[in-house]
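Contents: one structure, followed by commentary.
When reading the values below, keep in mind they use all heavy atoms of this one structure, side chains included, and skip hydrogens, waters and symmetry mates. Every chain is numbered from 1 and lettered A, B, ... according to where its sequence line falls, protein lines coming before strand lines.
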Amino acid sequence: MHPALSAAIDGLLVAGVYALMSSGLTLVFGVMRLINVAQAAFVVLGGYLSYMLWENTGLDPFVGLIVTMPALFCLGVFVERAFISRLQRERLLMSLLATFALAIAIQGLLDVVFSTDFVKIPVAYATDTFAVAGFLIPKVYVLAFAMSVLILTGLYLLLHRTTFGRTVRATMENPLGASLIGVDLPRVSAIAFGVGTALAAAGGAALVTTTAIHGASWYGLVPTLLAIVILGGLGSISGALVASVILLVAESVTAAVWSPVWATTVPYVVLILVLLVRPQGITGPREVRAQ
Amino acid sequence: VKSGRTSWYARCRAIAVLSAVAAFGIAGAGCGGSDSNGGSDDGGETGAAESTDPIVVGASLSLSGEFSDQGEAVKRGYELWADHVNEQGGLLGRQVELKILSDASSPEQVVTNYEQLITRDEVDVLLGPFSTGLSKPASVVAHRHQYAFFSGLAGGPEIVEQGFPEVLNVAIDGSTLMNGFGEWVLAAPEPPATAAYLVLDNDFTIPITESVKGVLEGGGVETVVDELYPPDLSDFAALARKASDADADVVVLGSAFEETIAFVQAFVQQQYNPKAVITVQGPDFGSAFAEALGEENAAGVLAGATWNAELQTPGNEEFVDLYVAAYGGSPAEIVDFTAMAYSTGEVVAQVVEAAQSLEQEQLIEAAHAGEFETITGPVKLDEQGLNTAATGITLQWQDGAPAIVLPEEFANATFEYPKADWGG
């Protein structure tokens, strides 16, 4: 198989993990117009919760989502009510500071509880592969990608097929108008933030199954997650998936065909080029207009 | 040291900081500022032995930011050393008190902190921060104030290449960490014919891998893959595939811990079984390594390292006991940064006792003149401040623990080469 094609497949599979991690970030921005830097720390926290469940009960991290996603949903609602909703002025700037502080607090908590050692869940299928046309495909990434598509589809249906989803989309499109027609903005914001945080739990489960993490791992995730959200279009769930694929495939192909030195640069060049043509991102406003 | 995430922009920032330090120094000189190179008010040229005030030992550590985990490990080492010294009666009959500032992993803050430690806090002894990238700007500050700079966490060559007499780099010369491995496999019954190098673009990892590459190429081993990669790479499978497609006999990883895990996992997935895989960070992280990969895939992986709990060096067993008593867990969980920090303290203690003074000039002189024993091995500093006495060790994951396989005088297990296939 040509190195570029095999690298593209590698990148595509990893993209599923990043789509999960970034989807909550874009949802929160769409509804609340704030950048939740702590999303990356929530992802790491979700990874640790999955690890804790696996270590104590042997529960598979993907099955464990039935516990970790509701847990982080509740945490997200609490955080929104306790901290985010209290930001009245300069919300965008203050949210950056507040969520950055929150991320540091989460890291500190993880360091105290779990120490600063790396953790990873060595599930039996982490190194299992199956061959397609002679190409060995890791099962764990296929599982993570499938879960990503499943959860993001569920989120899409939630937003487009339910009354709650309509209120969320109305809020995303026009918060003032939504409040005038009776949408309970504080409630919608709290639930949206909770859903975003729950999505971080799913991303964390995929991350800790494929990568060794520790409390400070969130630092390295922030630039990539922000790039995905911007490229996909702020507030666009489907855009997050598409942008993840574009950026991760670009990175892998660059590493394989050209040089790894440029592997993390080329995706940002792609980001700039796309934004020159579509400043709103790949799918962001179109999705909103369609609502 | 094994910072793992230093990048080109971090180096640019470091250059900017160095420029700022230089400008600050010129401005300071212009204002007639004077250096306080005698330490705190009580710890100067005279009276060091008479005072009963604590000896203040200052350091800046990365207690937040991207090196916060490593910073915490170093802090443990410094604190264990200080507690141990105090239990033994202190230095020069005085207790040791640590003054630790947090630099948030920032070169700019490191400079500010060492300025504060020297000019405002007037500490008696300076210990270095974590990583080569942060130690370099810190050493510039120490040099300007003519303060002895005891650095134990800067394995890269840059800090000693500055030629500052104040730099006392206790750390093992990082560039030699894998050379013993290279020389050994060349003499093995089935020496490798080809090698692949996958290296993080980092001040610490590049000298190590370049050095062992020189050894292997000198012995006729062909380099078939030689790739530098940037920090924060998301997908390691594509890069791992380069080594597996080339079917290199030996893989040399200049990678941080989590990257080593990603590479080995990718090798297993790609069913690629080299004769040897050696890394900068992996088995030396103890039980976390096998927990991340599974015992069957951790087995046989090698690491060039500075320290191990089983190392038969003076005081090492006592250090391990102190650590476990203070923090719990098992010896396999002790991070080598903690040991390196502790050994830096050990050198400080021996230098202070040799100098019988806290005067900086005498500390520098005594540090260059003496030979010292530490838990990470012997220390003998040359005129550049490079530790020429220490040699690294080679660890190999065997039977659920990192075994010392090289050098032979420290070995507690036989080098398994070629390693068994993944999965046992």
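- In terms of non-hydrogen atom pairs under 4.5 Å with chain B, the most contact-rich of G215(A), A7(A), P138(A), P267(A) is P138(A).
- Residues K120(A) and Q265(B) form a side-chain contact, since some pair of their non-hydrogen atoms from C-beta on lies under 4.5 Å apart.
- Proximity to chain B (any heavy atom under 4.5 Å) is shown, for F118(A), by both the backbone and the side chain.
- Residue S259(A) holds its OG atom at 9.0 Å from CG of L239(B), rounded to the nearest 0.5 Å.
- Enclosure of atom CD in Q109(B) by more than 12 non-hydrogen atoms of other residues, nucleotides or ligands within 6.0 angstrom is indicated.
- Here T254(A) contributes atom OG1 and D235(B) contributes atom CG; the two are 11.0 Å apart, rounded to the nearest 0.5 Å.
- Of the two parts of S252(A), the backbone and the side chain both hold a non-hydrogen atom closer than 4.5 Å to a non-hydrogen atom of chain B.
- Residue F130(A) does not touch chain B at all, counting heavy-atom pairs closer than 4.5 Å.
- With hydrogens and angles disregarded, no donor-acceptor distance shorter than 3.5 Å links the side chain of Q269(B) to the backbone of L136(A).
- In terms of heavy-atom proximity, K242(B) sits nearest to P260(A) at NZ-CD, 4.4 Å.
- A 6.0 Å sphere centred on CG of D399(B) holds no more than 12 heavy atoms belonging to other residues, nucleotides or ligands.
- Residue R241(B) holds its CZ atom at 5.0 Å from OG of S6(A), rounded to the nearest 0.5 Å.
- For the options Y229(B), F257(B), F267(B), Y327(B), heavy-atom pairs under 4.5 Å to chain A are most numerous at F257(B).
- Side chain of E251(A) to main chain of S234(B): a donor-acceptor pair is present (N/O by atom type, distance under 3.5 Å, no hydrogens or angles).
- Between E258(B) and S217(A) the shortest side-chain heavy-atom distance does not fall below 4.5 Å.
- Inter-residue side-chain proximity for T211(A) and I261(B) is flagged as unmet; no heavy-atom pair is nearer than 4.5 Å.
- Of all the heavy atoms in S68(B) and A216(A), the pair that sits closest is OG-CB, 3.9 Å.
- At a 4.5 Å heavy-atom cutoff, A262(B) makes no contact with chain A through either its backbone or its side chain.
- Of the atoms belonging to L248(A), it is side-chain heavy atoms, and not backbone ones, that fall under 4.5 Å from chain B.
- Comparing D10(A), T129(A), L13(A) by how many heavy-atom pairs each has under 4.5 Å with chain B, the most go to D10(A).
- With a 4.5 angstrom heavy-atom cutoff, V140(A) touches chain B only via side-chain atoms.
- Listed options A15(A), A8(A), A126(A) were ranked by heavy-atom pairs under 4.5 angstrom with chain B; first place goes to A126(A).
- For chain A, the nearby parts of E291(B) are the backbone and the side chain; heavy atoms of each come within less than 4.5 Å.
- When the candidates L293(B), L228(B), V335(B) are compared by the number of heavy-atom contacts under 4.5 Å with chain A, L228(B) comes out ahead.
- Two residues are said to be in side-chain contact when any heavy atoms from C-beta on lie closer than 4.5 Å; D201(B) and V261(A) fail this criterion.
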